[in-house]
**Q** 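Supplied in structure tokens, the structure appears directly below.
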Protein chains: 2
Amino acid sequence: MSILDLSTDVVSLTRALVDIESVSRGEQQIADAVEEALRALPHLEVVRHGHTVVARTDLGRAERVVLAGHLDTVPVHDNLPSRLDEATGLLHGLGTCDMKGGDAVILRLAATVPEPVRDVTYVLYEAEEIDEVFNGLRHLTEVAPELLEADFAILMEPSNAVVEAGCQGTLRVEVRATGERAHSARSWKGVNAIHQAAPVLERLRDYEARRPVIDGLEYHEGLNAVGIRGGVAGNVLPDECVVEVNHRFAPDRSAEEAEAYVRGVFEGFEVTLTDLGPAALPGLDRPAAAAFVAAVGGVVNPKFGWTDVARFTALGVPAVNYGPGDPLLAHKAEEHVPVDQVRRCEERLAAWLRGEEATA
Amino acid sequence: MSILDLSTDVVSLTRALVDIESVSRGEQQIADAVEEALRALPHLEVVRHGHTVVARTDLGRAERVVLAGHLDTVPVHDNLPSRLDEATGLLHGLGTCDMKGGDAVILRLAATVPEPVRDVTYVLYEAEEIDEVFNGLRHLTEVAPELLEADFAILMEPSNAVVEAGCQGTLRVEVRATGERAHSARSWKGVNAIHQAAPVLERLRDYEARRPVIDGLEYHEGLNAVGIRGGVAGNVLPDECVVEVNHRFAPDRSAEEAEAYVRGVFEGFEVTLTDLGPAALPGLDRPAAAAFVAAVGGVVNPKFGWTDVARFTALGVPAVNYGPGDPLLAHKAEEHVPVDQVRRCEERLAAWLRGEEATA
């Protein structure tokens, strides 16, 4: 028998998942447990790629939806094992919020809804928290994209159990100011690259964020220096100053448009693109998405942070974030999740998959 | 017999000194050789402190002058042993310019002018090129300042065999801009410290250097960022940005005045003083200094870089830089010295010490 008992309640299952340490690149044990538990369910076809487990119903329904969650966590920060505070209803511990509460919901649905009105593909994947070359969902899109074919996808990222639609894109550039070295005792013989970078900081300071409304959701862009470096020695005018800039852009702009915008902002400087994740449109005009939103309560917020929903968008599958937990607590030592949110997510998704009316 | 033959010509002696490797903290061999050679001269009293050697005449003259040079070099950079290019008259190699050509001049004068018209204190000291806690001249000012008492001092720093009077002071501060961290996807929740640093770079860019004239010499101040740093992670607004600033100030300002000036420039920011070397007044109004300037040709330039002449000023001894070699070549792999300049320095100083008319 698997060390995961899918017949237990969703909060106990969350604790069981949290208590299997699974820092990125260390997901074997949790993936083994998940795979074993899912293979015990006769109504699912189970496939494994690396430490990513995919389980599917195949009932010939008119629609197929994906429910996806990552199994890995950021590094341990003195926050294991889990600890349930009965007084506050908060479950504390690494991964409670990001995102084993969501994983537990997925596993409970897989076990308890054998005949959903929509075919379901459950995806529990590895390595979301690190360099994207390791990302299990990305890997699937490359080696077995047919496993991700669907009309709609739900990523169980923490969103306070409210639908967060789409996601903003993210790109990083290095903006380089150059000069000529000289001894600082004879500075008029050189050109100080750090002084030359003044307009870069001025343009960042004077930037005004766009806040476009898309499908009724107001996004909020950002343009920020996330790093700056320059300097050769304490008596030398530096010949280079590099500002690392992160731009977050709303889903009405393509990655190419966003890059062109940033290059325009820093016209006159050398701009090198170092990272690029496209935005995802909310896609709320699709019937499957609209039905889901109605089923879980009708409230939708825009997603500011970049998430793997963008990978579904790239496959042509509209996707939203919907999971228990406050995204602002993700990656913090004091990470926790309200158990009520975990239960609510399970109830509403189960009702939606069973074709029942949404609970209030 | 010492490996240094002080009866040889000054260029050969320079080569002999260069070929004794003496990177800072490795001066024992060269100091031993210098001490042995000087102790062989009966008209000198020799004292050694660490790897600093002091040799003095004691003829009861009305004036005493110091001739000082450091024995150490910056690290070897594939530029040893020395190499004399007869065609160009350039002696190549580590320390040829900074400052074993000057050291050779000192040793030749010590050996060939037994009865100078001014009493002379020859100082060959260790560890000028590294952290000043190791500086041999600084050490002497603390343990045996009486050895440095004089009416005038000449530091054999490379100055193209032209007198460079005084020196500019140097100070370093860290200017700190602060903010509040936030995830870059929700940047409106934080304050970006790098953006807050824009005025620091603007004030540096807009700085206009003072060029005060002192004793007929025009100095040229400077205010430069020599380093900048900030950044937490690629998706975080940083809460701190630190600009390291180096101010070079003319000798009409005290260290305290210079510090107050810099604090004024960066008003509104946290400013931390990290390094401070006072300026040295040229002191050309002193008779010994004036006589020396006349003896070596009458041309005087201001010294922009900070040198150990400031240590003499602090002892109340006017001091100038005067030595063979281009200061811009110091610390470069291609360091070299024109042998004509080495010879000219020897001739003019010898004539001055002997009380002869200056050579043309």
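Just so we're clear, the structure is a prediction, and the values are computed from it rather than from any experiment. To find a chain, count down the sequence lines: A is the first, B the second, and so on, and within it residues start at 1.
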**Q** With a 4.5 angstrom heavy-atom cut-off, which part of A/D206 approaches chain B: side chain, backbone, both or neither?
**A**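 Contact with chain B: none, neither part.
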
**Q** Quick one: which residues of residues 173-180 of chain B reach chain A at under 4.5 angstrom, heavy atoms only?
**A** none

**Q** Please answer whether the main-chain N or O of A/G230 pairs with a side-chain N or O of B/R229 as donor and acceptor at a distance below 3.5 Å.
**A** no

**Q** Sort A/Q168 into side chain, backbone, both or neither according to what part of it lies under 4.5 angstrom from a heavy atom of chain B.
**A** side chain

**Q** Assess, by modelled atom type and distance only, whether the side chains of B/E129 and B/H331 contain a donor and an acceptor separated by less than 3.5 Å.
**A** yes

**Q** Please identify, among B/I228, B/V200, B/I194, the residue contributing the most non-hydrogen atom pairs under 4.5 Å to chain A.
**A** B/I228

**Q** Given a strict heavy-atom distance threshold of 4.5 Å, which part of A/H220 is in contact with chain B: side chain, backbone, both, or neither?
**A** both

**Q** What option among B/T274, B/N192, B/V226 has the most heavy-atom pairs under 4.5 Å with chain A?
**A** B/V226

**Q** Give, as side chain, backbone, both or neither, the part of A/N246 having an atom under 4.5 angstrom from any heavy atom of chain B.
**A** side chain

**Q** At a heavy-atom separation under 4.5 Å, does A/R205 approach chain B through its side chain, its backbone, both, or neither?
**A** both

**Q** Quick check on the interface: out of A/A225, A/G231, A/G222, A/C241, who has the most heavy-atom pairs with chain B under 4.5 Å?
**A**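 The option with the most such pairs is A/A225.
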
**Q** Keeping the roles fixed (side chain from A/S184, backbone from A/N235), state whether a donor-acceptor pair exists under 3.5 Å.
**A** yes

**Q** Specify the closest pair of heavy atoms between B/L273 and B/R263, including all atoms of both residues, with the distance to one decimal.
**A** N-NH2, 4.1 Å

**Q** Taking every non-hydrogen pair under 4.5 Å, which of A/T170, A/N224, A/L204 racks up the most with chain B?
**A** A/N224

**Q** Shortest non-hydrogen contact from B/P251 to B/I214?
**A** CD-CD1, 3.8 Å

**Q** Kindly give the heavy-atom pair with the smallest separation between B/D72 and B/S24, and that separation in Å.
**A** OD2-OG, 2.6 Å

**Q** Please report whether the ring centroid of A/W188 lies less than 6.0 Å from that of B/F304.
**A** yes

**Q** Decide yes or no for B/V76 and B/V23: does some side-chain heavy atom of the first lie under 4.5 Å from some side-chain heavy atom of the second?
**A**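 Yes - at least one pair of side-chain heavy atoms lies under 4.5 Å apart.
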
**Q** Heavy atoms only, distances under 4.5 angstrom: which of A/A198, A/S187, A/A197 has the most pairs with chain B? Name it, please.
**A**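 The candidate making the most pairs under 4.5 Å is A/A198.
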
**Q** Centroid separation under 6.0 Å, is that true for the rings of B/Y261 and B/H247?
**A**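 When the ring centroids of B/H247 and B/Y261 are compared, they turn out to be within the sub-6.0 Å range.
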
**Q** Compare all side-chain heavy atoms of B/R181 with those of B/L237 and state whether any distance is below 4.5 angstrom.
**A** no

**Q** Any side-chain heavy atom of B/C97 within less than 4.5 Å of one from B/H336?
**A**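 No, too far: nothing below the 4.5 Å cut-off.
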
**Q** Could you state the interatomic distance from CG (B/N135) to CD1 (B/I130), rounded to the nearest 0.5 Å?
**A** 8.5 Å

**Q** At a 4.5 Å cut-off on heavy atoms, which part of A/L223 comes close to chain B: side chain, backbone, both, or neither?
**A**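 For A/L223, the backbone is the part near chain B, not the side chain.
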
**Q** Non-hydrogen atoms of chain B under 4.5 Å away: do they reach the side chain of A/A193, the backbone, both or neither?
**A**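 No part of it gets close to chain B.
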
